[in-house]
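Have a look at the structure below, then the notes.
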Amino acid sequence: MTQDGELDNIRNIGFIAHIDAGKTTVSERVLFFTGRTYKLGTVDDGTAVMDWMDQEKERGITIVSAATTVEWNGHKINIIDTPGHVDFTAEVERSLKVLDGGVVIFDANAGVEPQSETVWRQADRYQVPRLCFINKMDKIGADFFFSIKSIQERLGANPVPVQIPWGKEDDFKGVVDLIRQVVITWEGENGDKMSEGPIPDELKEDVAKYREIMIENAAEHDDELMAKFLEGEALSEEEIVRGLRIGTVKMDLYPVLCGTALRNKGVQPLIDAIVDYLPSPDEVPAIEGTKPGTEDVALRQPDPEEPFAALAFKVVTDPFAGRLVYLRVYSGVCKSGSNVLNTTRQDRERLGRLIQMHSNHREELEEARAGNIVAAVGLKNTFTGDTICETDDPILLETIQFPEPVISVAIEPKTREEEEKLIDALVKLAQEDPTFRSAHDQETAQTIISGMGELHLEIIVDRLKREFNVDAQTGRPQVAYRETIRQSARAEGRYVRQSGGRGQYGHVWLTVEPLETGSGIEFVNKIVGGAIPREYIPAVEAGAREAAMNGIITGFSMVDIRITLDDGSFHDVDSSEMAFKMAGSMGFKAAANRAKPVALEPIMSVEVVTPEESMGDVLGDINGRRAQIQGMEPRGDLQIIDAFVPLGEMFGYATTLRSSSQGRANYSMQFDHYAEVPKHIAESVSVAAGT
């Protein structure tokens with residue numbers, strides 16, 4: 001067994017991809033070939049180890065990221081299998097935050113798909129080095145070289161094949177290892193017998209071409225290798241691997257392998273490539289944070305001798321172990337039963353038991369060392385994105401940013417007795433999933449739940465029933481609109497009440513102006529000369545922000561506005577925080593009303609894949625949904641339609657698409673941006689919101 005202290009023998013990796021590219025199948029094969037499981041699980045049969053939730057087994061998709069650890073040739077590989085469906089993008093986000101490397105899986109028939117682009121950009125943001133695995137080489141329409149080209153063109157990346165396929169579709173026989181210049185084939189029911197042989201004549205030209213490209217890329221990243229290459233000397237296998245590894249860790253290149261996980265071909269070389277090319281924890285930069293309460297930068301090296309620091313990246317409620325907090329240990333060592341500091345919340349916690357997770361099974365640990373991913377029991381007040389560290393040497397690590405929910409529904413229990421159970425369950429689910437929100441609407445007395453899409457909320461309702469025994473019903477989905485302003489305006493907010501005894505007096509002048517998309521709400525205090533005492537400024541800000549949360553047109557929150565407090569007055573006796581909060585709210589509403597307020601709606605990036613014969617019907621329908629067609633291109637005998645479509649027009653689209661294409665078309669969509677709502681739609685939104 002690998003010692004935890006041997007950092008160079010650890011790999012923390014994730015499988016990421018578009019939905020249905022085969023991530024979970026690859027994960028299952030990795031578990032089998034590393035001896036972690038002794039039976040091949042499949043997604044279609046609902047027997048995949050990594051898809052352990054009932055909802056995952058029934059739908060054949062991954063919903064939550066599952067973690068496991070395997071051993072391979074003296075190396076310890078911590079694996080996270082992430083979802084591909086856009087509704088569960090938060091699972092990918094938090095996984096990439098704590099991983100050192102990734103394996104991006106592509107469908108050989110489709111190449112780069114919309115969610116492939118999303119996860120690739122997420123990995124870019126977190127600076128995660130990657131391998132590429134072109135899966136499903138046995139599928140009709142499989143094309144390895146088309147997939148390579150799509151990675152270059154759509155992702156702007158530098159894919160470097162270290163293998164090329166021998167055959168494709170039904171004729172897929174195996175792969176050519178370009179480094180060792182041998183053909184690898186697989187035999188036996190489970191593909192556990194690998195054979196090597198000479199390269200067939202029909203492949204020699206392609207092998208020479210792609211081997212030259214691979215060697216040139218390897219040489220570019222090492223001066224010694226480049227000198228040998230320019231002098232015409234042959235590079236050894238070890239030198240090629242070394243050069244490719246340097247380029248991969250720097251994210252200058254991405255080694256590409258291929259196979260078909262379902263037919264058990266290509267998985268063992270993929271595990272070798274994970275060890276050969278992806279970085280160990282001591283090859284990634286030291287984690288950067290700040291000293292709590294200051295802006296001073298603090299670093300933690302991936303070293304067991306450093307002070308302990310870890311990031312909580314996931315919270316789950318386990319039916320047996322209770323509340324589990326997943327931790328990525330960046331430095332030091334933590335032991336079960338030790339006291340730690342949650343620097344995010346300035347709260348001391350006791351670290352109960354430490355557990356190595358294998359999907360939803362648990363193995364007890366005495367300690368967790370730098371570079372590892374573990375789960376902890378007993379952290380009662382630690383949530384996703386929190387920093388856990390030594391009490392004597394605190395550090396605050398950067399938290400994880402999650403997208404805002406774009407869809408809401410009203411939910412209520414079927415019986416009055418279940419109301420408390422529902423509220424308790426929603427709190428637990430919100431702790432687990434940062435993109436899920438629940439709130440009580442005072443005006444309608446309804447509980448509103450919000451998430452990333454229809455499937456996301458459907459799964460939440462299903463989990464309420466199965467895990468928490470709460471039978472709930474939901475209303476029609478509601479789009480999470482936003483509002484903003486189109487020009488600057490200035491207005492007065494004056495709150496004066498006199499009713500015998502002490503009165504209330506608050507008086508402000510506020511200026512509002514539009515900001516760039518994604519800026520949120522910004523508050524600037526420009527009071528000079530004590531026109532308003534300093535202690536009342538936070539109350540003005542709170543009042544203005546509260547008013548912005550309730551909007552002007554639709555009742556939805558306003559975004560991308562700078563609020564500047566530049567004048568006002570106070571009364572020595574009658575002024576109070578409450579009076580200035582009310583004045584701030586009134587001043588904001590008055591200014592925003594003068595600043596050309598507009599409603600915004602979430603626009604989804606939609607890709608529709610349809611047979612040629614259904615193209616007319618599909619195009620007509622999507623145009624009727626206020627779509628902006630971005631492009632159309634053929635892919636084999638299929639047509640691909642790329643469009644921007646308002647989320648409010650996409651409810652029930654799956655059923656319509658199925659019926660207009662005899663069930664042969666499919667689509668994927670993800671949130672792209674907010675755009676101004678047409679006037680006639682905005683009026684109906686206002687009516688629905690009761691404004």
Flag, side chain of [X] to backbone of [Y], donor-acceptor distance under 3.5 Å:
X	Y	answer
Thr387	Thr343	no
Arg211	Ile179	yes
Gln431	Leu426	no
Asn135	Ala261	yes
Glu349	Thr382	yes
Arg154	Glu117	no
Gln163	Cys258	yes

Distance (rounded to the nearest 0.5 Å) between [X] [atom1] and [Y] [atom2]:
X	Y	atom1	atom2	answer
Asp252	Ile246	CG	CD1	10.5 Å
Ile271	Asp276	CD1	CG	12.0 Å
Phe468	Leu429	CZ	CG	4.5 Å
Asn372	Leu7	CG	CG	8.0 Å
Glu239	Ile215	CD	CD1	10.5 Å
Asn381	Gln346	CG	CD	12.0 Å

Can you tell me if Asp560 and Ser519 form a side-chain donor-acceptor pair at under 3.5 Å?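 Judged by distance alone, the side chains do not pair up.
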Verify the distance criterion only: is there a donor paired with an acceptor across the side chains of Ser280 and Glu283 at less than 3.5 Å?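 Yes, side-chain donor-acceptor contact under 3.5 Å.
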Closer than 4.0 angstrom, basic N to acidic O: yes or no for Arg242 and Glu224?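 Result for this pair is yes, salt bridge flagged.
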Do Arg300 and Asp393 sit within salt-bridge range, that is, some charged N less than 4.0 Å from a carboxylate O?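 Judged by the 4.0 Å cut-off on N to carboxylate O distance, Arg300 and Asp393 do form a salt bridge.
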Any side-chain heavy atom of [X] within less than 4.5 Å of one from [Y]?
X	Y	result
Pro269	Asp177	no
Val26	Val103	no
Pro281	Asn12	yes
Phe523	Ile537	yes
Leu99	Ile13	no
Leu327	Leu311	no
Thr248	Leu253	yes
Tyr254	Ile151	no

Would the number of heavy atoms belonging to other residues, nucleotides or ligands and lying under 6.0 Å from [atom1] of [X] be above 12?
X	atom1	value
Asp223	CG	no
Arg534	CZ	no
Glu398	CD	no

Option passing salt bridge (charged side-chain N to carboxylate O under 4.0 Å, His left out) with Asp100 (candidates Arg11, Arg130, Arg328):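 Testing Asp100 for a salt bridge (charged side-chain N to carboxylate O under 4.0 Å, His left out) against Arg11, Arg130, Arg328 leaves exactly one candidate, Arg328.
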Please test Val275 against Ile77 for side-chain contact (heavy atoms from CB on, under 4.5 Å), starting from the C-alpha separation and ending with a verdict. CA-CA 8 Å; Val275 169; Ile77 307 174; 4.2 Å; yes
Heavy atoms only: give me the nearest [X]-[Y] pair and the separation to one decimal.
X	Y	result
Thr384	Phe313	CG2-O, 3.7 Å
Ala218	Leu225	O-CD1, 4.0 Å
Tyr330	Ala370	O-CB, 3.9 Å
Gly102	Leu278	O-CD1, 3.9 Å
Ile10	Gly371	CG2-O, 3.7 Å
Leu341	Arg348	CD1-CG, 4.2 Å

Could you walk me through whether Lys335 and Glu366 pass side-chain contact (heavy atoms from CB on, under 4.5 Å), step by step? CA-CA 6 Å; Lys335 297 182 184 294; Glu366 286 183 15; over 6 Å; no
Can you check side-chain contact (heavy atoms from CB on, under 4.5 Å) on Val162 and Leu178, steps first, answer last? CA-CA 5 Å; Val162 293; Leu178 295 177; 5.5 Å; no
I would like to know whether Leu354 and Leu351 meet side-chain contact (heavy atoms from CB on, under 4.5 Å); could you show each step before the answer? CA-CA 8 Å; Leu354 289 169; Leu351 227 164; 3.4 Å; yes
Go through it in stages, so that I can follow the logic: the residues are Asn217 and Asn158, the test is side-chain hydrogen bond (donor to acceptor under 3.5 Å, both in side chains), and I'd like the CA-CA distance, side-chain angles, deciding distance and then a yes or no. CA-CA 9 Å; Asn217 271 280; Asn158 177 24; 3.0 Å; yes
